[in-house]
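Data first, discussion second: the structure below is written as structure tokens.
Note that the coordinates shown come from a computational prediction; the quantities given were computed from them, not determined experimentally.
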Amino acid sequence: MIKKILIANRGEIAIRVMRTCREMGIKSVAVFSEADRNSMHVRYADEAYCIGPAPSNESYLVIDNIIEVAKRCHADAIHPGYGFLSENAVFADRCEQEGIIFIGPSSHAINTMGDKITARKKMLGAGVPVVPGTSEPIKDIDKAIKVIKEIGLPVMVKASAGGGGKGMRLIHEESEIEPGIKAAQSEAMAAFGNDAVYIEKYINSPHHIEFQILADNHGNCIHLFERECSVQRRHQKVVEETPSPIMTPEVRKEMGAHAVAAAKAVNYASAGTIEFIVDDDLNYYFLEMNTRLQVEHPITEWVVGVDLVKEQINIANNLPLRYKQEDLKQNGHAIEVRIYAEDPDNNFMPSPGKVMHISEPLGPGIRHDGYVYAGYTIPMYYDPMISKLITWAPTREEAVEKMKSTLKDYKITGIKTSIPFLYRVMNARPFVEGRYNTHFIQDNQEALEPDHNVRQEIKDLAAITAFVDYLAKLESGKKNAPSANGNSISNWKAYGRKKSITRL
Ligand code: MV4
């Protein structure tokens, strides 16, 4: 049984994993870069070791240094968190060679799913729907043109070694096919050292819906339902929620079964996520599998009532899954927002620096996974995500309202954060009504602008003023007809007073 785990990560996820270790009576070991000496994950762990200078390719990504610490402190296992080495098959293999348990899937599963063309082929074999397209690397442009004519334009060219939006290209018309494929190939070579690209039919305005799965080393696999992750900005998720507002019980059941089939096709063991793109008619297609614990795992934990890190550790201990599919159900509604140290009112510029004050929200139905504290300086070397706020309520409507009031309660000074932007997302009508897809942020730019509420008030006032004017004109025969202009001073006063309470 695992008694000591090295957490090969930093920030909120390192602490998240350590909490479950503590709960399970497992010792935790932190590793840290020179920029992270004062980081909370170092303080939280039972032991901590420096593994190199600030840049992650000299610390959190150096396999030899991490393995050396694990051996020196006799850790039984390594949890990679997300990012860094979490989907590195070489690292998973190396752990095994060194007799250390990698808390994650096999290198075979990581490799198969990491290569998108191989993954597509596997899914086709397993009867999982994939986007119509090619399942071999494009070699011959004339053949590619023929295939594209069959599929129909527009299409996407994607790098086989890419994923998460990296190495993608949209092709609208025939003249773009040849240059598009060539450019995609050379970009893929430069970015990944692998020029294999494939083609998919372009799905317009899709939803991003993913299924959480858990699989053990005994052939058992279950899904823990979906997460709706369509609110994204530049392929970065901003908000995630479960259940998806567009899902039906029938489609959920079918997609869940396909997610399990996808995991079984690569003999998956551990926690994993199957990403689908879904169109408005709820046609769904496998996109990729993430072979790690994801940032947004807490919403699933809350609605399904499962500690995913605990299950990962149990699976790594070779225990059989303790849940059967029939045991699981979705209870209530959870929403997560990602809080970044960036300035949403200045083109999302990174805003590292010293946190002067932080008052984290508390209360029923609120979870906060973070790591920063007052006096802490956020280093500029890593991901700018500083925390995740999760709300739960019996209904979606209440979970949204709770998130709005929780964002109002959350105060951080010293740095800029995306909190005001997230509030505007929670307030935007398409989000409130649950009618949004991956174009949500683009399609609602005006409503998501800093002074939207103030501007809306000006527009409302203008409309009222015009209406009063109109009434005045209708009554123009009468004496002392009210003049809109005559009233406007008090309107501006009202506006000035309101501004301070409306503005976030
Ligand atoms: C697509 C697509 C439309 N059609 N593939 C972007 C991230 C990567 N995981 C795949 N992505 C997309 N693939 C086809 N055939 C549209 C996207 C896409 C997207 C997908 C999910 C969430 C947000 C997105 C934003 C833009 C484009």
Side-chain angles (χ1 to χ4, degrees), residues 9-16 18 30 32-44 53-56 59-60 81-84 231-240 295-296 298 335-363 366-391 403-427 441 445 448-454 500-504:
N9 216 303
R10 65 180 302 282
E12 68 85 19
I13 194 62
I15 295 167
R16 157 71 190 90
M18 290 176 196
F32 61 97
S33 74
E34 284 166 13
D36 271 335
R37 284 191 187 283
N38 294 318
S39 273
M40 191 60 104
H41 78 283
V42 174
R43 301 181 182 188
Y44 198 93
S56 41
S59 49
Y60 295 106
Y82 52 70
F84 295 131
V231 181
Q232 303 199 6
R233 190 184 157 271
R234 301 198 179 163
H235 302 301
Q236 288 265 40
K237 290 170 188 162
V238 174
V239 179
E240 304 97 357
V295 174
E296 60 271 31
I335 303 175
E336 173 181 278
V337 297
R338 298 185 184 192
I339 294 164
Y340 289 92
E342 49 185 37
D343 184 357
D345 301 344
N346 182 19
N347 203 26
F348 297 88
M349 282 272 281
S351 179
K354 188 169 177 177
V355 175
M356 302 308 289
H357 171 84
I358 175 165
S359 64
E360 300 169 320
L362 294 168
I366 299 170
R367 171 171 169 180
H368 180 251
D369 282 22
Y371 76 104
V372 312
Y373 55 88
Y376 176 69
T377 301
I378 296 164
M380 49 172 281
Y381 295 95
Y382 315 107
D383 191 277
M385 194 185 80
I386 55 167
S387 79
K388 307 177 314 204
L389 201 51
I390 303 106
T391 58
M403 184 61 83
K404 281 171 66 177
S405 57
T406 305
L407 285 166
K408 283 275 190 198
D409 279 354
Y410 195 172
K411 301 280 191 275
I412 302 180
T413 61
I415 56 157
K416 292 279 199 309
T417 75
S418 53
I419 292 173
F421 177 75
L422 295 166
Y423 185 86
R424 298 194 290 269
V425 170
M426 290 297 124
N427 232 353
I441 289 182
Q445 280 182 25
L448 300 174
E449 267 172 28
D451 288 333
H452 171 70
N453 288 348
V454 170
S500 62
I501 53 166
T502 313
R503 216 174 161 169
L504 194 75

Query - Pair F32-H41, side-chain contact (heavy atoms from CB on, under 4.5 Å): steps then yes or no - result: CA-CA 8 Å; F32 61 97; H41 78 283; 3.9 Å; yes
For Y376, is the NZ or CZ atom of K354 found under 6.0 angstrom from the centre of its six-membered ring and inside 45 degrees of the ring axis?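 No, K354 does not lie over the aromatic ring of Y376.
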Supply the atom-to-atom distance [X] [atom1] to [Y] [atom2], rounded to the nearest 0.5 angstrom.
X: Y82; Y: R16; atom1: OH; atom2: CZ; answer: 11.0 Å
X: R234; Y: I441; atom1: CZ; atom2: CD1; answer: 10.5 Å
X: I15; Y: S39; atom1: CD1; atom2: OG; answer: 8.0 Å

Please confirm whether the backbone N or O of [Y] pairs with a side-chain atom of [X], one donor and one acceptor, at under 3.5 Å?
X: S33; Y: S59; answer: no
X: D369; Y: I13; answer: no
X: D343; Y: D345; answer: yes
X: T417; Y: A341; answer: no

Check: Is K411 salt-bridged to D409, cutoff N-O under 4.0 Å?
Finding: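 No, no charged N to carboxylate O under 4.0 Å.
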Working note: I366 + I390, criterion side-chain contact (heavy atoms from CB on, under 4.5 Å); need CA distance, chi angles, decisive distance, verdict.
CA-CA 6 Å; I366 299 170; I390 303 106; over 6 Å; no
* Asked: Can a donor-acceptor pair be found between the side chains of Y340 and S351 at a distance below 3.5 Å?
  ->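 Short answer, no.
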*Say whether D36 and Y60, considering side chains only, have a donor N or O and an acceptor N or O under 3.5 Å apart.*
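Distance-only check passes for D36 and Y60.
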Q: Carefully, step by step, assess Y423 and Y410 under the rule side-chain contact (heavy atoms from CB on, under 4.5 Å).
A: CA-CA 11 Å; Y423 185 86; Y410 195 172; over 6 Å; no
Inset, instruction - Would you sort out whether E336 and V295 count as a side-chain contact (heavy atoms from CB on, under 4.5 Å), showing the intermediate values? - result: CA-CA 10 Å; E336 173 181 278; V295 174; 4.0 Å; yes
Flag if over 12 foreign heavy atoms under 6.0 Å of OH, Y381: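 No, OH of Y381 has 12 or fewer neighbouring heavy atoms, counting only those of other groups under 6.0 Å.
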Residues forming a side-chain hydrogen bond (donor to acceptor under 3.5 Å, both in side chains) with E296, sequence neighbours excluded =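 So E296 forms a side-chain hydrogen bond (donor to acceptor under 3.5 Å, both in side chains) with K237, Q294, R338.
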key: The single option from L422, V238, V337 passing side-chain contact (heavy atoms from CB on, under 4.5 Å) against V231   =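 It is V238; the other options fail the test.
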